[in-house]
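Some notes on the structure that comes next.
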Protein chains: 2
Amino acid sequence: MDKTKVLKAIADETRLKMLTLLLRHNYCVRALANELELAEATISQHLKVLREAGLLAGEKRGHFMHYDVERSLLHELAGEIEALASIEREICRPEKRDDCPAADSKDCKKKGQCSDTVIEFCHGPKLHQDRPQGDCNRQEP
Amino acid sequence: MDKTKVLKAIADETRLKMLTLLLRHNYCVRALANELELAEATISQHLKVLREAGLLAGEKRGHFMHYDVERSLLHELAGEIEALASIEREICRPEKRDDCPAADSKDCKKKGQCSDTVIEFCHGPKLHQDRPQGDCNRQEP
DNA sequence: AGTTTAATTAGGTAGTTGCCTAATTAAATT
DNA sequence: AATTTAATTAGGCAACTACCTAATTAAACT
């Protein structure tokens, strides 16, 4: 699943309305256009966005297109957002990371204690003149 | 919660990365800019989008801004998408809707049986000449 | 009070999006 | 075979977005 693509697809008022309509009933393009007061071509383009995100499976039956919403993808997306929300805060432990120039977490505690190298590691290189003075804010409060 | 606003906010690769970084640690703007190889101003603007969607609570501590991710809003969003996915298909019962011109669901079953009025109700008015011939596709297969 | 500096805002540009009308395609009926 | 018609694609336009550099703001340290 292309998470960003799916999110972009539903991050639009019109497409969200279309989805909720299609979850309840079949609609032909003209019925959707009528319901949402938009041109048929506009609806067709929105359907394309939803289809290419994997949210709709289309099938032609008789004269009309019948679109089915891929509920499973929506469930999957909900799961991914839930997983994101469940990411836990990590305590910064310089001694556990060999790429951190601080010897241990004590080097990271109070303002003024950080060496220039540690500060540059935590805050990135200053663009202009010299290093900033300040505490490393990558750690827990 | 402004659902569309929150979705738009996270429907962006860069902002999604920023969120995952901020869920684990505090970062100052320059550290984020450094990590994501973007200008500080760009990061600041992305932070604004996330903040205005309600996803970040910012607080100035010493020299640096400390942003906290509103995990509760992410949970809420996941719930809303889950709810969307759980919308059930409804069977079209014209006799239950006084705005539907079909007498009962039999009027809606087979191709050719729909009157012009019912077709117009289901598919919307045809833009040009006359009515289409065809089955109503607003009902269950 | 003056200086430093993290963060934001202003201003500008290229690329994208959402809408329209008009033209085209493809399938079903006559 | 010719016609009808649902849906899509093409082309065009205004509004928005993501990025940049430069200017500004506001807070903290001399």
Side-chain angles (χ1 to χ4, degrees), chain A residues 4-5 8-18 26-34 36-53 56 58-67 111-112 119 122-137, chain B residues 4-5 8-18 26-34 36-53 56 58-67 111-112 119 122-137:
Chain A
T4 310
K5 201 168 189 177
K8 272 190 211 298
I10 64 173
D12 177 273
E13 208 78 62
T14 301
R15 284 194 292 269
L16 210 50
K17 279 186 200 159
M18 287 172 66
N26 277 328
Y27 284 82
C28 66
V29 173
R30 200 166 82 226
L32 286 171
N34 197 49
L36 301 170
E37 296 179 289
L38 289 169
E40 290 184 46
T42 305
I43 296 296
S44 202
Q45 280 154 189
H46 280 306
L47 285 169
K48 191 180 184 181
V49 173
L50 292 169
R51 209 186 316 124
E52 287 179 351
L56 290 180
E59 180 206 354
K60 189 142 191 176
R61 284 219 293 274
H63 261 298
F64 301 97
M65 282 299 299
H66 286 239
Y67 281 107
K111 158 138 184 58
I119 289 167
C122 289
H123 296 266
K126 240 216 124 201
L127 302 163
H128 316 300
Q129 313 87 355
D130 37 20
R131 307 278 144 267
Q133 302 301 313
D135 63 326
C136 169
N137 67 350
Chain B
T4 310
K5 201 167 188 178
K8 273 190 211 296
I10 64 173
D12 178 272
E13 208 78 62
T14 301
R15 286 194 291 268
L16 210 50
K17 279 186 200 159
M18 288 172 66
N26 277 330
Y27 284 82
C28 68
V29 173
R30 199 165 84 225
L32 286 170
N34 196 49
L36 300 170
E37 296 179 288
L38 289 169
E40 290 184 45
T42 306
I43 296 295
S44 202
Q45 280 155 188
H46 280 305
L47 285 169
K48 192 180 184 182
V49 173
L50 291 169
R51 209 186 316 126
E52 287 180 350
L56 291 180
E59 181 205 352
K60 189 142 189 176
R61 283 220 293 272
H63 261 298
F64 301 98
M65 282 299 299
H66 286 238
Y67 280 108
K111 158 142 183 54
I119 289 168
C122 287
H123 296 267
K126 241 218 119 196
L127 303 163
H128 317 299
Q129 313 87 353
D130 37 20
R131 305 279 145 268
Q133 301 302 313
D135 62 327
C136 169
N137 69 350

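Model, not experiment: these values are computed from the prediction. Chain naming here is simple, since letters A, B, ... match the order of the sequence lines and numbering starts at 1 in each.
Taken to the nearest 0.5 Å, the CG atom of Asn26(A) stands 5.0 Å off from the NE2 atom of His66(A). Taking CD1 of Ile43(A) as the start and CG of Leu36(A) as the end, the distance is 5.0 Å to the nearest 0.5 Å.
Two residues are said to be in side-chain contact when any heavy atoms from C-beta on lie closer than 4.5 Å; Thr14(B) and Met18(B) meet this criterion. Contact check for His46(B) versus Asp12(B): side-chain heavy atoms found under the 4.5 Å cut-off.
To the nearest angstrom, C1' of dA6(C) lies 13 Å from CG of Leu32(B). In this structure, the CD atom of Glu52(B) is 11 Å from the P atom of dT8(C), given to the nearest Å. The distance from atom CE of Met65(B) to atom C1' of dA28(D) is 15 Å, rounded to the nearest whole Å. Whole-Å rounding puts the Leu50(A) CG to dA7(D) P distance at 15 Å. Separating the CG atom of Leu56(B) from the C1' atom of dT8(C) is a distance of 15 Å, rounded to the nearest angstrom. Atom CG of Asn34(A) and atom P of dA7(D) are 13 Å apart (whole Å).
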Can you give the dot-bracket line for DNA chain C, using ( ) for pairs inside the strand, [ ] for pairs that cross earlier ones, | for pairs with another strand and . for unpaired bases, where Watson-Crick and G-U count if both distances are under 3.5 Å? ||||||||||||||||||||||||||||||
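In terms of modelled atom types and a separation under 3.5 Å, the side chain of Lys5(A) and the main chain of Ala53(A) share no donor-acceptor contact.
Contact detail for Arg15(A) and Ala9(A): the closest heavy-atom pair is NE-O, 2.7 Å. The shortest non-hydrogen separation linking Tyr67(B) to Leu47(B) is CE1-CD1, 3.6 Å. Smallest separation of non-hydrogen atoms from Leu56(A) and Arg51(A): O-CG, 3.7 Å.
Taking the side chain of Arg30(B) as heavy atoms from C-beta on, and the options dT8(D), dA6(C), dT9(C), the nearest nucleotide is dA6(C).
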Heavy atoms under 4.0 Å is the rule here; annotate nucleotides 14-24 of chain C 5' to 3' with B where the base is hit, S where only the sugar-phosphate is, and - elsewhere. ----SBBBB--
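Lys48(B) has no side-chain polar atom (N or O) that falls below the 4.0 Å cut-off from OP1 or OP2 of dT8(C).
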